Amino acid sequence: MTGAFITFEGGEGSGKSSQIRMLESRLAAEGVATSVFREPGGGLGGVGERIREVLLDPAHDALDPLAELLLYEAARAQLVAEKIAPLLDAGEVVLCDRYTDSTLAYQGFGRAAAPLDVIRELNAIATRGVAPDLTLLLDVDPALGLACATHAGADRLEREELAFHQRVRAGFLAVAAEDPDRVVVVPRDRPDAVADQVWGVVRDLLVRLGVLH
Ligand code: TMP
C-alpha cells in the first residue's frame, strides 16, 4: 500500500501555509487524516529543525551556496527517512510545505549553486526517490509576495534582493512547465478561489488513488 504525497511550492508570501491548513481541515471533514510537514526541518523538532535554524539565521550571511544546497538536502534526507517514507509506506496522506522543487528554484535558478542536473541528482539521493504525486505551485509576483512575507524578523532568504526572488519565480514556472502532469500552477489572487482550485485538484487525485470516493 502506498499513500498520497502532495507538496506545496511557491515564493515568499505565496500563502502556502494557510492553503495547507485549509486543505488539512477539508480532508479531515471528509474523514481523511493527514500528516503535515514543512521544509526545511519538518516542523517537529529534532535534527532537521536544527539545520533549519542554521539555514534561516540572518547572521549566517557568509554561508557558502554549495554548503547551503547540501544543508537543504541533509534536512530533506532526515525528514524523508524519519517521517515521509514510513508514512507513505503505511498508506497515509502526507502534505509538505516545500520539497525538491524549492531547491531547484532557490539554489538552482536563484543562486546557481550547482548545475540543475546536479541538483536533480542530489534531490533524488536525498529523497531516496520519494517523489510527490502532486505539486501545487502557488504563483505570486515577488514584489507582492515579499510585501506579505517581509516583516521585522525577515529570515536570511527573505532578505535577498527582488531580482533573486524573480529568478526563483521563473525557476518554479520552468519546473512546472517541464512536469505538467505533476505540477499544477495556481495563481495566488483571492485566497478562497485558490482554496477551491486546490481542493478540486487534490480531490481528483485522491479519488484516482482510491482514498476518496
Ligand atoms: P519558509 O518556511 O518561509 O518557506 O522558509 C523556508 C525558506 O527556505 C524559504 O525562503 C525558501 C528556502 N528554501 C530553499 O532555499 N531551498 C529549499 O530547498 C527549501 C526547502 C527552502
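Predicted model only: the values in this text are computed from it and were never measured. All residue numbers refer to positions in the sequence shown, counting from 1. FYI, side chains are in, hydrogens and waters are out, and symmetry mates aren't considered; it's all heavy atoms of this structure. In each ligand, atom 1 is the first atom listed, and ligand 1 is the first ligand listed.
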Other residues, nucleotides and ligands only: do more than 12 of their heavy atoms fall within 6.0 Å of CZ on R128?
yes

Between T135 and R182, is any side-chain donor less than 3.5 angstrom from a side-chain acceptor?
yes

Can you find a side-chain donor-acceptor pair between S17 and R38 that sits under 3.5 Å?
no

With nothing but distance in play, are any N or O atoms of T103 less than 3.5 Å from an N or O of ligand 1?
yes

Output the list of atoms in ligand 1 that are nearer than 4.0 Å to some heavy atom of L157, sorted by atom number.
10 (O), 12 (C), 15 (O)

Any side-chain heavy atom of P142 sitting closer than 4.5 Å to one from V168?
no

Residue pair K83 / S35, side-chain heavy-atom distance below 4.5 Å:
no

If you apply the rule ring-ring contact (aromatic ring centres under 6.0 Å, His included), what do you find for F5 with Y99, and how did you get there?
CA-CA 11 Å; F5 185 25; Y99 198 58; 4.9 Å; yes

What part of R38, side chain from CB on, backbone N/CA/C/O, both or neither, has a heavy atom under 4.0 Å from ligand 1?
neither

Does the N or O separation between E158 and ligand 1 drop below 3.5 Å for any pair?
no

Min over H165, R159, E39, Q107 of heavy-atom distance to atom 15 (O) of ligand 1 lands on Q107

Note the single closest protein heavy atom to atom 4 (O) of ligand 1, along with its residue, its atom name and the distance in Å.
R98 NE, 2.6 Å

For atom 17 (C) of ligand 1, what's the nearest protein heavy atom and its distance?
Y72 CD2, 3.3 Å

Against heavy atoms of R76, which atoms of ligand 1 measure under 4.0 Å?
18 (O), 20 (C)

Do R169 and D141 touch side chain to side chain, with heavy atoms closer than 4.5 Å?
yes

Under 4.0 Å from any heavy atom of L56, which atoms of ligand 1 are there?
7 (C), 8 (O)

With heavy atoms under 4.0 Å as the rule, classify the contact between D97 and ligand 1 as side chain, backbone, both or neither.
neither

Take E30 and R203, measure what salt bridge (charged side-chain N to carboxylate O under 4.0 Å, His left out) needs, and give me the verdict at the end.
CA-CA 10 Å; E30 299 281 336; R203 196 189 41 217; over 6 Å; no

Do D155 and ligand 1 have an N or O pair less than 3.5 Å apart?
no

Note: heavy atom closest to atom 5 (O) of ligand 1, options E12, R156, R52, K16, belongs to R52

